[in-house]
Protein chains: 2
Amino acid sequence: MQKRMLAAMRPADLAAQPARWQQQKSARTRARLVDAAIDCLVEGGYPGLTTQQVAERTGVSRGAMHHHFPTRFDLVAAVIEHVFYQRMRLFLDDYLAGLAGAEESELVALATAAHWRSVQGREYAAYLELAVAARTNAELDGVFAPAARRYDEVWISEMIESFPYWRERWETMKRAHDFVIAAHMGILLQRPVVGEERTAQMTDLIAHFAQSLYAIP
Amino acid sequence: MQKRMLAAMRPADLAAQPARWQQQKSARTRARLVDAAIDCLVEGGYPGLTTQQVAERTGVSRGAMHHHFPTRFDLVAAVIEHVFYQRMRLFLDDYLAGLAGAEESELVALATAAHWRSVQGREYAAYLELAVAARTNAELDGVFAPAARRYDEVWISEMIESFPYWRERWETMKRAHDFVIAAHMGILLQRPVVGEERTAQMTDLIAHFAQSLYAIP
DNA sequence: CATAAAACAGGCAGTAATGCTGGTTTTATT
DNA sequence: AATAAAACCAGCATTACTGCCTGTTTTATG
């Protein structure tokens with residue numbers, strides 16, 4: 001439960017303790033820029049992520065921004081790293097926090113619930129915008145797809161570490177993992193049209209199906 | 001199986017037999033413009049749907065385009081109607097075509113398979129782009145959300161008509177319907193990262209779960 | 001303390017998209 | 001055939017975004 005795989009992928013924006021003050025200051029503004037970019041993404045989608053907006057939100061001049069991120073796409077690439085990392089970290093923090101003194105039979109339900117919570121955060125909203133935009137933007141896909149596959153492997157590694165009870169049934173675990181991730185994404189997108197009641201019914205259904213995958217060998 | 005509800009919602013673009021030739025010509029160019037707009041949507045996402053691109057693809061001048069669709073958003077609104085209608089029509093055509101001589105127990109599997117096929121068409125790709133863009137675009141959402149809710153009701157009506165066998169279990173049917181739609185959407189978005197093999201496993205899983213909803217009362 | 005380098009600021013040209021306007025051709029009406 | 005209306009065309013002004021460029025301040029180094 002050490003999140004070893006994930007820890008190795010921490011992006012430069014979230015560095016722990018930089019040596020020089022100047023580097024620290026630089027890292028701080030970079031982080032602020034990336035954070036503002038995520039806000040833009042959440043509020044205006046991928047087309048709403050403009051350098052002007054980011055500069056205006058952070059108070060950083062466009063010139064300074066050009067120093068940290070020469071082109072708009074450099075900023076987008078940094079956002080991608082940040083979003084993948086944070087999305088996974090927030091899920092793991094939530095899941096591991098609620099794990100104390102849990103029965104083995106509850107683990108799947110706890111993980112499913114934690115994932116549904118994680119899906120409602122702004123990091124996931126930004127991730128979704130990027131994922132959809134990458135479908136129709138070759139340049140973006142060139143950075144997004146490799147990152148997605150990288151984190152998919154990390155995610156599986158973490159799951160194997162967190163679910164030692166199903167050591168001999170990793171294939172089943174992977175299928176359940178894929179299923180929950182895809183289903184929650186779809187539910188999130190359908191939520192505005194079906195409303196809260198049917199959304200809740202669907203999440204319950206997903207949890208039930210995920211459980212059934214483990215219950216039946 | 002008459003698609004009565006759906007037939008009542010056919011957009012003006014797809015009118016059957018207009019009276020005057022001029023109106024027919026007008027409807028034809030309108031349809032061409034909407035069709036080109038869908039191509040833009042599929043290839044470049046919502047930001048790629050520009051009036052210039054549409055005019056260039058169709059060969060229609062921007063001035064003529066302004067005559068049919070005074071503003072860009074008028075075109076988008078027409079696209080929304082078209083996409084909702086076509087997405088549902090293509091699914092129903094496919095499903096009803098494969099229905100001849102089918103066992104009652106196969107219906108759920110047939111419907112699920114037909115829906116997964118429909119999800120891979122360009123109409124659905126356009127729908128997805130609009131759905132995601134509407135999340136961060138209030139003006140777009142103002143047209144998209146009502147249309148989505150309208151077609152959600154039509155969809156349910158058609159399902160009730162197509163599945164008379166579960167007359168007394170409409171709630172179960174609705175839940176299965178919601179589940180398959182959401183799950184397929186999520187699978188489609190996850191497909192580029194998980195690959196074809198895991199995608200196929202997921203669709204099989206969805207079909208199995210949908211079936212189980214009916215099998216167990 | 002002097003000098004280099006890093007971080008920051010503001011502004012300018014190029015590009016592309018939108019909405020609109022004046023003018024032209026084609027079709028319908030009487 | 002004459003007139004009105006619908007469909008079509010080309011171009012202009014505005015807006016907004018990107019990329020880059022020249023300076024200025026702050027921090028590190030010898």
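Within the structure, a side-chain polar atom (N or O) of A:Thr29 is placed less than 4.0 Å from OP1 or OP2 of C:dC8. A close approach under 4.0 Å does occur between a side-chain nitrogen or oxygen of B:His67 and OP1 or OP2 of D:dA7.
Screening residues 34-52 of chain B for side chain to side chain donor-acceptor pair (under 3.5 Å) gives B:Asp35-B:Arg122, B:Asp39-B:Arg122, B:Glu43-B:Arg57, B:Tyr46-B:Arg72, B:Thr51-B:Arg62 as the qualifying pairs, with residues at least two apart or on separate chains. Residues in residues 123-142 of chain A take part in these side chain to side chain donor-acceptor pair (under 3.5 Å) pairs, two or more places apart or across chains: A:Tyr127-B:Gln190. Residue pairs meeting the ring-ring contact (aromatic ring centres under 6.0 Å, His included) criterion with at least one partner in residues 189-210 of chain B, sequence neighbours excluded, are A:Phe179-B:Phe209, A:Phe209-B:Phe209. For residues 194-207 of chain B, every residue pair satisfying the side chain to side chain donor-acceptor pair (under 3.5 Å) rule, not counting sequence neighbours, is listed here: A:Asp152-B:Arg198, A:Asp178-B:Arg198, B:Arg191-B:Glu196.
Using a 4.5 Å heavy-atom threshold, the side chains of B:Leu205 and A:Leu213 count as touching.
By the side-chain contact (heavy atoms from CB on, under 4.5 Å) test, B:Thr71 is found to be paired with B:Phe73, B:Asp74, residues two or more places apart in sequence or in another chain being considered. For A:His115, the ring pair (Phe, Tyr, Trp, His ring centres under 6.0 Å) partners two or more places apart in sequence, or in a different chain, are A:Phe91, A:His184. With sequence neighbours excluded, no residue satisfies side chain to side chain donor-acceptor pair (under 3.5 Å) with B:His66.
Near DNA chain D, defined here as any heavy-atom distance below 4.0 Å, there are no residues from residues 127-142 of chain B.
Atom P of nucleotide D:dC8 and atom CZ of B:Arg30 are separated by 11 Å, given to the nearest angstrom. With rounding to whole Å, B:Arg32 atom CZ is found 14 Å from D:dA7 atom P. Distance B:Glu56 CD to D:dC8 C1': 18 Å, rounded to the nearest Å. C:dA7 atom P lies 16 Å from atom CE of A:Met65, rounded to whole Å. In this structure, the CG atom of A:Leu75 is 10 Å from the P atom of D:dG19, given to the nearest Å. Following rounding to the nearest Å, A:Asp74 (CG) and D:dC20 (C1') show an atom-to-atom distance of 14 Å. If you take OH of A:Tyr46 and P of D:dC17, they are 15 Å apart, rounded to a whole angstrom. To the nearest angstrom, P of D:dC20 lies 16 Å from CZ of A:Phe69.
For B:Leu110 against B:Gly98, the heavy-atom pair with the smallest separation is CD1-O, 3.7 Å.
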Q: Any chance you could list the contact pattern along nucleotides 18-25 of chain C? Use B for base contacts, S for sugar-phosphate-only contacts and - for none, protein heavy atoms under 4.0 Å, 5' to 3'.
A: BBBB----
